[in-house]
Trainee: 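Questions regarding the structure given below will be posed in turn.
The figures that follow rest on heavy atoms only: side chains count, while hydrogens, waters and symmetry mates do not.
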Amino acid sequence: MAHEPQICALPGTLVPQLEMEPVLPAAQLQAFSSINAVSVVQVYAATKTRYWNARGESGNVETDLPVGLIRDEAALQEATAGILGAHPNGAESRRLSSLADGVRHREVIDAMERVHPGLKDQLLSVHSVCWDNEPTIRGAFAWLGVGQLTQQQPLLRRPHGAIVFAGDYNSHRPGFMHGALASARRVVAEVVTREAMLMAQ
């Protein structure tokens with residue numbers, strides 16, 4: 001049926017780009033357009049061994065370098081090889097996102113080498129993800145500014161015709177998985193209610 005509920009679970013940052021008929025009301029469109037997404041780059045270095053463990057180190061380091069946190073991404077797995085990950089965010093993430101992959105990888109590996117000497121000799125491969133550059137999300141996760149959670153979230157949750165909106169961005173915990181799950185529960189309840197109303201007609 002034309003009026004059956006439809007769930008939109010796209011990142012809220014993409015909703016303003018959707019073609020809708022009728023179009024979103026101006027206030028609701030503005031609420032979606034004002035959603036910010038945190039800039040994050042993730043760079044992973046695969047290594048032959050977990051040589052840092054042999055030195056009695058965990059691999060996890062809170063650095064004062066632009067790359068920020070470095071951690072052992074495979075600490076809970078039983079294997080000889082290892083993976084170190086760097087997770088710069090904010091301005092440094094946006095700068096790294098603008099670089100070619102090879103340049104970005106060299107810069108981050110140079111920084112990781114300072115923290116974990118010997119990395120370059122152990123290196124198998126490097127891979128990175130620049131979430132700002134991903135066209136289907138355009139940022140790592142939602143970030144709401146002062147007042148947005150209380151003032152604009154009711155608009156982000158408001159159904160538009162047959163469309164109901166789900167996502168961490170319109171939950172009590174933007175940017176977290178349990179916020180996304182809470183949003184899903186709310187939307188399922190809305191859909192069940194709408195379906196019951198349609199069946200009763």
Side-chain angles (χ1 to χ4, degrees), residues 9-14 17 34-146 148-149 167-184:
L10 290 170
T13 49
L14 299 184
Q17 302 171 43
S34 67
I35 297 174
N36 294 305
V38 175
S39 298
V40 175
V41 168
Q42 294 170 302
V43 181
Y44 300 102
T47 59
K48 300 172 188 175
T49 67
R50 303 179 192 194
Y51 66 96
W52 51 90
N53 290 159
R55 295 198 295 235
E57 301 169 0
S58 70
N60 301 323
V61 185
E62 291 276 359
T63 81
D64 59 357
L65 301 173
V67 294
L69 173 69
I70 296 173
R71 66 186 185 201
D72 183 344
E73 302 289 353
L76 301 180
Q77 298 183 16
E78 295 182 5
T80 300
I83 302 174
L84 289 174
H87 303 266
N89 57 47
E92 178 63 8
S93 168
R94 291 186 286 276
R95 187 188 71 80
L96 288 171
S97 295
S98 70
L99 303 177
D101 287 354
V103 177
R104 179 188 317 116
H105 294 170
R106 283 194 297 274
E107 284 198 18
V108 175
I109 293 301
D110 284 346
M112 293 173 78
E113 172 75 22
R114 292 180 60 188
V115 178
H116 291 294
L119 172 62
K120 292 182 180 180
D121 293 333
Q122 289 274 334
L123 197 60
L124 291 174
S125 63
V126 186
H127 179 73
S128 62
V129 179
C130 301
W131 288 105
D132 282 4
N133 298 344
E134 293 293 319
T136 57
I137 188 168
R138 298 190 178 182
F141 51 88
W143 176 82
L144 301 183
V146 176
Q148 283 185 286
L149 191 64
D168 68 286
Y169 67 89
N170 65 18
S171 76
H172 68 293
R173 289 290 279 163
F176 289 85
M177 182 57 70
H178 51 286
L181 293 174
S183 172

Trainee: Any carboxylate oxygen within less than 4.0 angstrom of a Lys/Arg side-chain nitrogen, looking at R95 and E92?
Mentor: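 Between E92 and R95 there is a salt bridge, with a charged N closer than 4.0 Å to a carboxylate O.
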Trainee: Testing E73, R71, M112, Q122 for side-chain contact (heavy atoms from CB on, under 4.5 Å) with L84, which one passes?
Mentor: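 For L84, the side-chain contact (heavy atoms from CB on, under 4.5 Å) check succeeds only for M112.
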Trainee: For S128 and Q42, which I'm curious about, is there any donor-acceptor pair between the side chains at under 3.5 Å?
Mentor: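 There is no such pair (donor and acceptor under 3.5 Å, judged by atom type) between the side chains of S128 and Q42.
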Trainee: Do L69 and T63 make a side-chain contact, defined as non-hydrogen atoms from C-beta onward lying under 4.5 Å apart?
Mentor: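 They are not in side-chain contact.
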Trainee: Around atom CH2 of W131, are there more than 12 heavy atoms of other residues, nucleotides or ligands at under 6.0 Å?
Mentor: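 No - once you tally the heavy atoms of other residues, nucleotides and ligands closer than 6.0 Å, there are 12 at most.
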Trainee: Look at the side chain of S97 and the backbone N and O of S93, then say whether any donor-acceptor pair between them is shorter than 3.5 Å.
Mentor: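 Yes: the side chain of S97 pairs with the backbone of S93.
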Trainee: Roughly how far apart are L10 CG and T136 OG1, rounded to 0.5 Å?
Mentor: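 So the CG of L10 and the OG1 of T136 are separated by 9.0 Å.
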Trainee: If every non-hydrogen atom of S171 is compared with every non-hydrogen atom of L149, which pair is closest and at what distance?
Mentor: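 It is O-CD1, 3.6 Å.
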Trainee: Are I83 and T47 packed together at the side-chain level, in the sense that at least one heavy-atom pair is separated by less than 4.5 angstrom?
Mentor: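 Sidechains of T47 and I83: no contact.
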Trainee: Counting N and O atoms only, with roles assigned by atom type, does the side chain of Q148 sit under 3.5 Å from a partner on the main chain of G145, one being a donor and the other an acceptor?
Mentor: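 Yes, Q148 side chain to G145 backbone: donor-acceptor pair under 3.5 Å.
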Trainee: Do V41 and H87 come close enough that some side-chain heavy atom pair is under 4.5 Å?
Mentor: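 Heavy-atom side-chain distance check fails, nothing below 4.5 Å.
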Trainee: Is the number of heavy atoms from other residues, nucleotides or ligands within 6.0 Å of CZ (R55) greater than 12?
Mentor: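 Check passes, neighbour count above 12.
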Trainee: Take V126 and Y44, measure what side-chain contact (heavy atoms from CB on, under 4.5 Å) needs, and give me the verdict at the end.
Mentor: CA-CA 6 Å; V126 186; Y44 300 102; over 6 Å; no
Trainee: Would you indicate whether the side-chain heavy atoms of I109 and L123 approach each other to under 4.5 Å?
Mentor: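 Heavy-atom side-chain distance check passes, below 4.5 Å.
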Trainee: Where the side chain of R104 meets the backbone of L99, is there a donor-acceptor pair that is under 3.5 Å apart?
Mentor: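 Yes; at least one donor-acceptor contact below 3.5 Å.
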Trainee: Under 3.5 Å, is there a donor-acceptor pair between the side chain of Y51 and the main chain of L119?
Mentor: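 Yes, Y51 side chain to L119 backbone: donor-acceptor pair under 3.5 Å.
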Trainee: For a quick test of reading the model, state the closest non-hydrogen atom pair linking G59 to H116 and the distance between them.
Mentor: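 Result for this residue pair: O-NE2, 3.1 Å.
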Trainee: Do K120 and D110 sit within salt-bridge range, that is, some charged N less than 4.0 Å from a carboxylate O?
Mentor: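 Counted as a salt bridge, because a side-chain N and a carboxylate O are separated by less than 4.0 Å.
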Trainee: Any chance you could measure S183, atom OG, to Y169, atom OH, to the nearest 0.5 Å?
Mentor: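 So the gap between those two atoms works out to 7.0 Å.
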Trainee: Under 3.5 Å, is there a donor-acceptor pair between the side chain of H127 and the main chain of V43?
Mentor: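 Here the side-chain-to-backbone pair does not exist.
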Trainee: Just how far is it from atom OG1 of T80 to atom NZ of K48, taken to the nearest 0.5 Å?
Mentor: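 Answer rounded to 0.5 Å: 13.5 Å.
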Trainee: Is it true that a side-chain atom of D101 and a backbone atom of H105 form a donor plus acceptor pair closer than 3.5 Å?
Mentor: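 No; zero donor-acceptor contacts below 3.5 Å.
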Trainee: Donor-acceptor pair, E113 side chain versus G118 backbone, under 3.5 Å?
Mentor: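 Flag set: sc E113 to bb G118 pair under 3.5 Å.
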Trainee: Using modelled atom types only, decide if a donor and an acceptor are shared between the side chain of R94 and the backbone of V40 within a distance under 3.5 Å.
Mentor: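 No, the answer is negative, given that no donor and acceptor are paired below the 3.5 Å cut-off.
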Trainee: So which atom in P174 and which in L144 form the shortest heavy-atom distance, rounded to 0.1 Å?
Mentor: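 Looking at all heavy atoms of both residues, the closest pair is CG-CD1, 3.7 Å.
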Trainee: Looking only at side chains, do T13 and R138 share a donor and an acceptor under 3.5 Å apart?
Mentor: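 Their side chains do not contain a donor-acceptor pair, so the 3.5 Å distance test is not met.
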Trainee: Please answer whether the main-chain N or O of G179 pairs with a side-chain N or O of D168 as donor and acceptor at a distance below 3.5 Å.
Mentor: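 It does not hold such a pair.
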Trainee: Going by atom types only, do S39 and D132 share a side-chain donor-acceptor pair under 3.5 Å?
Mentor: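 On atom types as modelled, these side chains qualify, holding a pair under 3.5 Å.
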